[in-house]
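So the structure is just underneath, and the comments pick up after that.
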Number of protein chains: 2
Amino acid sequence: MKNTPVTLKAIAQELNISLSTVSRALRGMPEVRADTRAAVHRLAAELDYLPNQLATSLAHSRTKTIGVLMPSLSYHFYSALLNSIEEAAMQAGYSVLVCQANESHLREITNIQNLMRSQVEGFLIALARDTDSYEHIERLTRKNIPLVLFDRYAEGIAASKVVIDNHAAAFNATEHLIANGCQTIGFLAGPPHLLISNQRVAGYQAALARHGLHARPEHLLHCDFTPENAVAQTLKLMSQRPAPDGLLVVSDRIAFPAMYVLRQEGIRIPEDLAIASFNNEPYAALQSPGLTSVSQPIQEMGFETVRLLLKQLNAESEQLPLETKVLQTQLVVRESSLRNGSN
Amino acid sequence: MKNTPVTLKAIAQELNISLSTVSRALRGMPEVRADTRAAVHRLAAELDYLPNQLATSLAHSRTKTIGVLMPSLSYHFYSALLNSIEEAAMQAGYSVLVCQANESHLREITNIQNLMRSQVEGFLIALARDTDSYEHIERLTRKNIPLVLFDRYAEGIAASKVVIDNHAAAFNATEHLIANGCQTIGFLAGPPHLLISNQRVAGYQAALARHGLHARPEHLLHCDFTPENAVAQTLKLMSQRPAPDGLLVVSDRIAFPAMYVLRQEGIRIPEDLAIASFNNEPYAALQSPGLTSVSQPIQEMGFETVRLLLKQLNAESEQLPLETKVLQTQLVVRESSLRNGSN
DNA sequence: CTGTTAGCGCCTTCAG
DNA sequence: CTGAAGGCGCTAACAG
């Protein structure tokens, strides 16, 4: 026997009062007599009543929900970011609907549609690795749907965003390698169309130029973020002549497999090859040697992202000026890039 | 100007036909004339119509959604599991609503409530670390709400579950250490009330007993899964006399920091201390030395979990017999536990 | 083949 | 302070 769902109507009938009175009592509206309110609450508790959120949202035409689109939750960076986003959203009284694109452009598109169908009031998006056109995002902005991009964005999308200064961070990290005696610095980059990767490449190249070092194209290799590919590209890079004595990596996710295979190959870090990377995942500190890495303010990024979205959600006017929040990063220096002889 | 949401009614008015005809046309019901169907589809596409899922679900009293409750998505194991669950659910035409408890009992309770309010049709749950009473879960089973526990379960909950044989896996791993010459084997366990941890402890102790080795209580230490605590407990364990020459760890999440601090301390792996662990996360292979670890069939676990839930969702009778699916694990042997001299 | 009606569970006027 | 009525967007009989 299927127990009939406990609804406002059920409670009302049981108590021989009207449905609307029950609704008011349960929502703590002041104009309900104390004893009927008490009776309602008692019965509701007893029956374990939970409001049907679908119905509430439908009636309100308001879900108090925001959609979050992540490239992949298997990256520690994004799952950590999700935590801060969830917390910030909760504090503001919003729920979060999370989707992962699994780095796929197609999946990103269907995820956005699903979130739209679920009537999310706004979007928080970091682009998937494979996303190389942006009509699905622009469709959102055209409809004036509140949207904030974070971390992985793209140029030309008319949306607010929360990002770091990738160019500057890469510039600094490269200078750090140079200061530690590196003369021939390689770069393991992300996919060629990934903007934040390209910005980091540009910063790296600018630093080389600034210090009169030659940026050799054969020392710039692209990776797709899989460990296998990272290993392969690392080996390829090290087979170039002259071999690099320094290495900047676009992400710890690539740096870890790289360090692994370098150890296998008997290449000493940092003596033969100094390494610096991005994201400063917890595991970077647990490497031997510890991995020098650009730390991103994950907590702040999550909070800022939500803050910018809330601003749009609460805005009176439709056309809010776009904002770009650039967060500060910090190079966390560990042994992987420290050479005794230099600096 | 806020663009009025595009609804069935809007399309119907524009086309001067009835709302239900539009509905039928859009859902591909056969009894609609070809040309009106075409007109409807054209306009819907033009207006970028997306059905309001809240309304659809309300009308159907059916959300085709299952709630997934994870201890934390920052653990690679669980985010990988989520991927396979999402895939299996999608194949069956279900959406997934994910929550993370952040290892908190309280958060787990509120997450369940939120998912109930969202009218999920069933639950997939792995218990949070801090969960040590189960009324919130039993409330679900009492209401006959479809539920499958996976990985982290508890005894006495009347629910189907998908698990591994923790006792056997720990027994095997311990025997493997013994075969590699370990005489004094320590165990870094999880929190004292975590069933799967206790099962692993029992398996470890059984293996020791089987081989006539003494299970010293001072060689069994509990960790809370934070890296800091893992480091502290590792140091504490190694300060015991006699010092262990073998170590079993309840999870790679604890083994990684442990290996790190052991290296810091100049303790050689596996020469001084052979190590084996659980979960076989991708980083286990990237460690130096590679970490021997019990591999769980993540994909299969996700699929089985969904399959058992679907069975309940599609069941005619209310009271389906409970099922427990025990999946096979495999000890992936790497250098961390291999000693040349022994075996 | 199409329109009308009622209803999913809840909220919100508007009367009383 | 309480009840009745209408509506949120959609589906599902029931007529025609």
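Proteins get letters first, then strands, A, B, ... in listed order; numbering begins at 1 in each.
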The side chain of B:H60 lies closest to which of these nucleotides: D:dC10, C:dC10, D:dT11? D:dT11
Less than 3.5 Å apart, any donor N or O on the side chain of B:T131 or B:E108 sitting next to an acceptor on the other? yes
Length of the CZ-C1' vector between A:R27 and C:dG9, whole Å: 12 Å
How many Å lie between CG on B:L8 and P on D:dG9, as a whole number? 10 Å
With axes from five pairs an end, tell me the bend angle of the helix from C:dC1-D:dG16 to C:dG16-D:dC1, nearest 10°. 50°
Polar contact flag, side-chain donor to acceptor under 3.5 angstrom, B:Y75-B:E103: yes
Which donor-acceptor pairs under 3.5 Å do side chains of residues 51-59 of chain A form with protein atoms, sequence neighbours excluded?
residue	atom	partner	partner atom	Å
A:N52	OD1	A:L54	N	2.8
A:N52	OD1	A:A55	N	3.3
A:Q53	NE2	B:S118	OG	3.4
A:T56	OG1	A:N52	O	3.0
A:S57	OG	A:Q53	O	2.9

Working to the nearest 0.5 Å, report the span between NE2 of A:H105 and CG of A:L127. 9.0 Å
Among C:dT2, D:dT11, C:dG9, find the nucleotide with the atom closest to the side chain of B:R33. C:dT2
Just checking B:S57: base, sugar-phosphate only, or nothing, at a heavy-atom cut-off of under 4.0 Å? nothing
CD of B:Q53 versus P of D:dC10: gap in Å, rounded? 12 Å
Without decimals, in angstroms, what is the distance between B:L19 CG and C:dA6 P? 15 Å
May I ask you to verify whether the side chain of B:S18 and the base of C:dT4 hold a donor-acceptor pair under 3.5 Å? no
Between D:dC10, C:dC11, C:dG3, which nucleotide has the shortest distance from any of its atoms to the side chain of B:T21? C:dG3
Without decimals, in angstroms, what is the distance between A:M29 CE and D:dG3 P? 16 Å
5′-ward residue of the pair B:L58/B:R24 relative to DNA chain D: B:L58
